[in-house]
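Structure, as structure tokens:
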Amino acid sequence: YNITFGRIIVIDANNNTFNMTYKIDGGKLYFEPENFTIDKLAFPIVIDPAIVFGNEIVLDDYFDPGDFILYNVDTLDENKVIICYATSTSSKAVVGIINNNTISLCTPTIFHPSRQSAITVTALNSTKFVVAYEKYNDSVGGYVVKLKVGIINDDNSITFGDETTVSLDGQYTIAMDNLTNDKIVIAYKNHIRVCTISGTSVTLHSEYAFTSSSVDFVGLTVLNSNRVLICWGNNCRVGTISGTSITFGSVYSYTAHNYPGSISVTRLNDEKALRAYGNAVGGYYYPYGRVITTNNLEISFGSPHNLVPVEPSYVEGTPVIKSFNETRAILCIGAYSSKAIYEHIDGTTITYSLIETFNPSPSKHISLATLNNNTFVIVYKDEATGKGEAIVGTVWFETNPPTSSINPVSQYWYTTNITLTATATDTESGVANVSLYYCFSLDNSTWSDWTLYGTDTDGSDGWNWTFDFPDGMG
């Protein structure tokens, strides 16, 4: 495995066992605690599943954004994200480049000359995205919802199209997702509509009310190109999309004492989604989750599951969740010290198995993007500094073991050295090396133990060895 960090079990000469953390950096192996003296290492080592974070990077200057969501991130491709955020003087977008667990920021581009609220971003493809935002306007007596299309150039700079006003009647949060690479669905207050994109131009289509009264917080996730799940309070509803028209099913509700904050819901597959929420128990807001199963316009709820193994999440720790795939998700909370928790989904059952701190201080306005089946980016406000920050995390959890096999040889009898080749795959952490073992027999009945012949650490020319029959004829 090509693993540069993890946990290792160390056994001393007296057969005492110690759990240690290791990191490979610049070709050197570091251990924690550091006061151990290690004479030699024996492989294979035992590696526990772990969440490991890379560098923390500051988005911009100091600013306390108050209570509205001012940071948002979405995935462009496996190595790139788009981050939109507000500073004290303007609102910006920036491309983040991910290399292993390191994130670096390109030059930010201003998409609005003043600080905007409820910022949310959704990628259309690897070079195009839509950012939506709002700000209170005294002249209309409400929040004006607007959006822009951004194009990412070859040098990772950003060019924006003209601003489009979506509504003069927004409220606190905006939810948005892409239906296709030229169509989005956007929700605000108690309304939802489809918008189509051509170049950087936006066409607004009919507005629909998904509930009769105003709601402060709304969330949505697209299940497929013609179905969307909308969530608010303890309620959910499926909308089917035909062209640009939306038809709703019934409103379905579950019993819970929700913290009335941001709605976090993420797609698992075409029929299922996962919702996280703060559930009031004994004066605390514990992060809970439910699997939501849809059948056309109908909805059923799985049982509620506590998503965190330890401390509760207070009001400032509203849970945020994002799926890697239909069985794996990452949850973040910002109360006390800020933590990421790995969640596993089996049918409608949710279980946690890993937890790691990504910020020793409380965090607010957390946003998540998953890059592949184990890597994710968190954008958040650090309550200790007031700054917006971003960090990359990786869940090292091998669920699919590597495979390898020797390729067939053309004959059974050789009088000279032969070249043996192998095929090896590892869909999660990649193949770092392949080892060849052989056993020997004179009579094809009694065989020796398997013996290591050699290890190929360079797969650029394939995995191969020149085999010289070290035990002679047999």
Side-chain angles (χ1 to χ4, degrees), residues 1-8 20-32 34 45-59 71-83 85 94-106 123 126 156 320-325 328-334 337-344 352-361 363 366-382 385 387-400 402 426-433:
Y1 301 98
N2 184 19
I3 297 179
T4 56
F5 35 72
R7 295 187 177 94
I8 184 172
M20 303 175 65
T21 300
Y22 76 87
K23 177 178 72 173
I24 300 173
D25 187 10
K28 295 181 179 180
L29 186 63
Y30 298 91
F31 289 96
E32 293 181 1
E34 298 177 349
I45 60 177
V46 179
I47 299 173
D48 292 338
I51 300 175
V52 181
F53 289 102
N55 66 310
E56 187 179 62
I57 192 166
V58 175
L59 293 177
Y71 309 104
N72 209 249
V73 60
D74 200 17
T75 304
L76 294 168
D77 59 38
E78 285 197 354
N79 302 300
K80 192 180 293 186
V81 295
I82 181 68
I83 302 171
Y85 60 97
V94 64
V95 173
I97 307 296
I98 289 83
N99 183 12
N100 294 321
N101 259 36
T102 300
I103 183 169
S104 57
L105 300 179
C106 302
S126 61
N156 289 315
V320 178
I321 201 158
K322 192 74 173 179
S323 62
F324 293 111
N325 53 43
R328 304 171 68 185
I330 192 74
L331 173 85
C332 287
I333 57 171
S337 60
S338 305
K339 299 187 183 300
I341 303 99
Y342 168 78
E343 310 286 346
H344 179 73
Y352 50 76
S353 60
L354 302 170
I355 183 167
E356 196 65 51
T357 298
F358 66 86
N359 179 21
S361 305
S363 300
I366 298 171
S367 179
L368 275 170
T370 51
L371 304 180
N372 49 43
N373 282 337
N374 64 344
T375 305
F376 57 98
V377 175
I378 313 173
V379 176
Y380 58 96
K381 176 201 169 187
D382 187 336
T385 65
K387 295 180 179 180
E389 298 179 355
I391 196 169
V392 180
T394 300
V395 181
W396 284 113
F397 194 84
E398 293 279 359
T399 57
N400 298 308
D426 187 337
T427 58
E428 296 193 17
S429 57
V431 178
N433 58 72

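Quick note: residue numbers are just sequence positions, from 1.
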Run the side chain to side chain contact (heavy atoms under 4.5 Å, CB included) check on C106 and I97 step by step: do they pass? CA-CA 8 Å; C106 302; I97 307 296; 3.8 Å; yes
Apply the test side chain to side chain contact (heavy atoms under 4.5 Å, CB included) to residues I51 and V395: give CA-CA distance (whole Å), side-chain angles for both, the deciding distance (0.1 Å), then the verdict. CA-CA 5 Å; I51 300 175; V395 181; 4.1 Å; yes
Where do F376 and V73 land on the side chain to side chain contact (heavy atoms under 4.5 Å, CB included) test, with the steps shown first? CA-CA 11 Å; F376 57 98; V73 60; over 6 Å; no
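Looking at heavy atoms from C-beta onward, I378 lies out of side-chain contact with N359 at the 4.5 angstrom threshold. Proximity of V320 to S367: side-chain heavy atoms (C-beta onward) are nowhere separated by under 4.5 Å. I82 has its side chain within reach of V95: a pair of non-hydrogen atoms, C-beta onward, lies under 4.5 Å apart. Residues E78 and T375 form no side-chain contact, since every pair of their non-hydrogen atoms from C-beta on lies 4.5 Å or further apart. No side-chain heavy atom of E389 sits less than 4.5 Å from a side-chain heavy atom of F358. Between Y352 and L331, the closest side-chain pair of non-hydrogen atoms is not below 4.5 Å. In this structure the side chain of I83 reaches within 4.5 angstrom of the side chain of L105, judged on heavy atoms.
To the nearest 0.5 angstrom, K80 atom NZ is 12.5 Å from I103 atom CD1. With rounding to the nearest 0.5 Å, the separation of CD1 in I330 from CD1 in I321 is 8.5 Å. Interatomic distance, CG of L354 versus NE2 of H344, reported as 12.0 Å (0.5 Å rounding). Between atom OH of residue Y380 and atom CG of residue L368 there is a gap of 11.5 Å, rounded to the nearest 0.5 Å. The SG atom of C332 lies 7.0 Å from the CD1 atom of I341; values are rounded to the nearest 0.5 Å. Residue S104 holds its OG atom at 7.5 Å from CD1 of I98, rounded to the nearest 0.5 Å.
Nearest approach of I391 to F53, heavy atoms of both residues: CD1-CB, 3.8 Å.
Taking D77 as the reference, nothing meets the side chain to side chain donor-acceptor pair (under 3.5 Å) condition, with sequence neighbours excluded.
Checked by atom type, the side-chain pair N99/T102 shows no donor-acceptor distance below 3.5 Å.
Using cut-offs of 30° and 60° for the angle between ring planes, the Y85 and Y71 rings count as parallel.
Remark: side-chain polar atoms of T75 are not paired, donor with acceptor, to backbone N or O of A369 under 3.5 angstrom. Looking only at distances, a side-chain donor or acceptor of R328 sits under 3.5 Å from a matching main-chain atom of N373. Looking at S338, its side chain does come within 3.5 Å of a backbone N or O of S361 through a donor-acceptor pair. Side chain of N101 to main chain of V52: a donor-acceptor pair is present (N/O by atom type, distance under 3.5 Å, no hydrogens or angles).
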